[in-house]
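Below, read A as the first sequence line, B as the second, and so on, with proteins coming before strands; counting in each chain starts at 1. Because the structure is a prediction, the values reported are computed rather than measured.
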Protein chains: 2
Amino acid sequence: MATTRRRSGPRPETAARRREILQAALEIFGQKGYNNGPLAEIAEQVEMTHAGILHHFGSKDRLLVEVLRYRDESDVEGLDEQHIPGGTELFRHLVRTAFANEERPGIVQAYAVLSAESVTDGNPGRAYFEERYTTLRGEVADALREMCAERGIDSPDTVARASASVLAVMDGLQVQWLLDRDNVALAEASRFAIDAIVTAVLDPRPSPLGDDLP
Amino acid sequence: MATTRRRSGPRPETAARRREILQAALEIFGQKGYNNGPLAEIAEQVEMTHAGILHHFGSKDRLLVEVLRYRDESDVEGLDEQHIPGGTELFRHLVRTAFANEERPGIVQAYAVLSAESVTDGNPGRAYFEERYTTLRGEVADALREMCAERGIDSPDTVARASASVLAVMDGLQVQWLLDRDNVALAEASRFAIDAIVTAVLDPRPSPLGDDLP
DNA sequence: TAGAACTTACAATGCTGTCAGTAACAATTT
DNA sequence: AAATTGTTACTGACAGCATTGTAAGTTCTA
């Protein structure tokens with residue numbers, strides 16, 4: 001005999017509250033890293049106790065995973081939105097994002113710190129970043145292939161290397177920028193490097209370093 | 001009246017013992033990060049208690065600083081040795097190092113994790129990395145200027161952007177590689193990107209992305 | 001024989017996670 | 001419409017562990 005079950009689910013305001021927590025967590029993890037960013041501090045920022053946060057997310061590990069997903073869903077970063085424009089437009093978008101990021105060092109730092117931390121022993125964010133890089137490289141590669149096709153070029157190896165390189169410069173420059181925010185060359189470098197890499201794909205030239213390297 | 005002081009200083013074997021500790025610390029910090037890498041674990045690896053390590057280095061903070069300096073002194077990395085060959089040779093050296101690094105993921109990881117961690121609140125390694133990047137950018141810039149001079153080119157802005165970009169790709173690619181070690185494109189990408197960036201300095205071409213960006 | 005190189009023991013803190021309880025609320029019953 | 005009742009969203013207290021650093025004592029050796 002099936003008794004009539006009483007179900008209520010989360011209350012209307014809870015979704016918003018959780019977003020507040022995720023936002024606060026992003027800030028704290030950004031400033032102090034995941035391992036060094038205590039739940040209590042996140043809790044304090046949303047006027048709650050740390051037990052309250054654990055009520056919502058179960059564990060600190062799960063909170064991190066949700067934080068990373070949250071950053072994707074909201075257009076906080078904007079780098080990898082659902083709908084990516086093809087061809088040239090993607091790179092123009094990347095360059096604009098790089099400039100826009102100057103206004104939000106918090107998110108930039110969170111991303112830089114958490115991605116590097118993710119490669120350490122048993123870090124709960126690792127799977128997220130593995131997948132993320134794979135996806136992003138794929139998107140950049142698609143855009144490059146499209147540009148190649150328009151010009152009647154085909155060079156799969158080059159496209160793969162270039163995709164990784166584009167993401168790498170952007171990440172690497174962010175770390176340097178976080179250590180030296182007044183250095184204008186760092187802000188301008190993304191534009192320069194992306195141009196250089198895309199050009200090398202579309203219009204390859206002989207290496208200035210010789211051809212006898214490993 | 002100056003009494004004859006009895007001074008002993010460190011014992012002969014101590015220097016070697018400290019190097020053992022630094023090596024162990026580099027490994028542990030590399031695997032788990034600084035914040036998450038306990039002294040006890042480092043101590044265990046050199047068959048000592050954590051108090052023994054504190055006897056030698058005073059505090060965990062000071063140990064980190066010594067670890068970073070140690071990595072420079074020993075040719076562990078090889079990237080920034082005392083005597084850097086000028087011009088083209090520097091870039092050839094960078095490319096070789098990138099390939100060689102495939103054999104030592106431990107050090108690569110230590111570097112990637114610790115540099116990113118250094119941008120967090122009150123991290124004791126921050127000053128080290130700030131200085132390191134400034135120095136390295138300077139060295140790359142010198143090499144680029146030399147190459148420019150040989151070809152009668154002069155473009156200070158470009159040189160500054162390119163120097164930062166070269167270091168950035170290398171660092172960024174390392175993080176991606178740590179997350180996906182079987183991806184051969186990642187190993188080959190440094191070579192590709194460095195070529196692309198150096199070429200863009202020596203032989204600039206119009207941007208494929210248009211000139212209307214921020 | 002003083003000082004170097006430790007060890008053991010411990011103090012002090014900080015952190016995550018659990019548990020029991022409380023207040024508010026939403027769904028159901030009366 | 002009011003009373004009922006299960007559920008949600010917490011709090012406060014605390015267990016339990018990990019970690020850094022200190023202090024006192026021991027052994028060895030220059």
*In whole angstroms, how far is the P atom of dC10(D) from the CZ atom of Phe57(A)?*
11 Å

*asked:* If you assign His50(A) and His56(A) each to the DNA chain D nucleotide with the nearest heavy atom, which residue ends up on the more 5' nucleotide?
replied: His56(A)

*Would one find a side-chain N or O of Thr14(A) under 4.0 angstrom from OP1 or OP2 of dA9(D)?*
yes

*Could you check Gly52(B) against Asp61(A) and say which one's nearest nucleotide on DNA chain C is further toward the 5' end?*
Gly52(B)

*asked:* Measure NZ/Lys32(A) against P/dT16(C) and give the value in whole Å, please.
replied: 11 Å

*How long is the line joining NE2 of His55(A) and P of dA23(C), in whole Å?*
17 Å

_Rounding to an integer number of Å, can you tell me how far Glu44(A) CD sits from dG12(D) P?_
14 Å

_Lys/Arg-Asp/Glu bridge criterion (N-O < 4.0 Å) met for Glu13(A), Arg17(A)_ = no

*Do you see a donor-acceptor pair shorter than 3.5 Å between the side chains of Tyr133(A) and Asp171(A)?*
yes

*Between dC6(C) and Arg17(B), is there an OP1 or OP2 to side-chain N/O distance shorter than 4.0 Å?*
yes

*For Arg161(B) and Ala193(A), indicate whether the former's side chain and the latter's backbone hold a donor-acceptor pair under 3.5 Å.*
no

_In whole Å, I'd like the distance from the CE atom of Met48(A) to the C1' atom of dT16(C)._
17 Å

*With distance as the sole criterion, is a donor-acceptor pair present between the side chains of Tyr111(A) and Asn101(A) under 3.5 Å?*
no

*Given dG12(D), is OP1 or OP2 found less than 4.0 Å from the side-chain N or O atoms of Thr49(A)?*
no

*Rounded to the nearest angstrom, tell me the gap between atom CZ in Arg62(B) and atom C1' in dT20(D).*
13 Å

*asked:* How many whole angstroms separate atom CD1 of Ile42(B) from atom C1' of dA18(D)?
replied: 15 Å

*Which is true for Leu54(B) with a 4.0 Å heavy-atom rule: it touches a base, it touches only sugar-phosphate, or it touches nothing?*
base

*asked:* Using the side-chain heavy atoms of Ala51(B), tell me which of these nucleotides is nearest: dA9(D), dG21(D), dT22(D).
replied: dT22(D)

*asked:* Nearest whole Å is fine: how far is dG14(C) C1' from Asn35(B) CG?
replied: 13 Å

*Proximity to the side chain of Pro10(B) - top-ranked nucleotide from dA5(C), dG17(C), dT20(D)*: dA5(C)

_Main-chain N/O of Asp121(A) paired to Gln31(B) side chain as donor or acceptor, under 3.5 Å_ = no

*Of Tyr34(B) and Arg11(B), whose closest DNA chain D nucleotide lies nearer the 5' terminus?*
Tyr34(B)

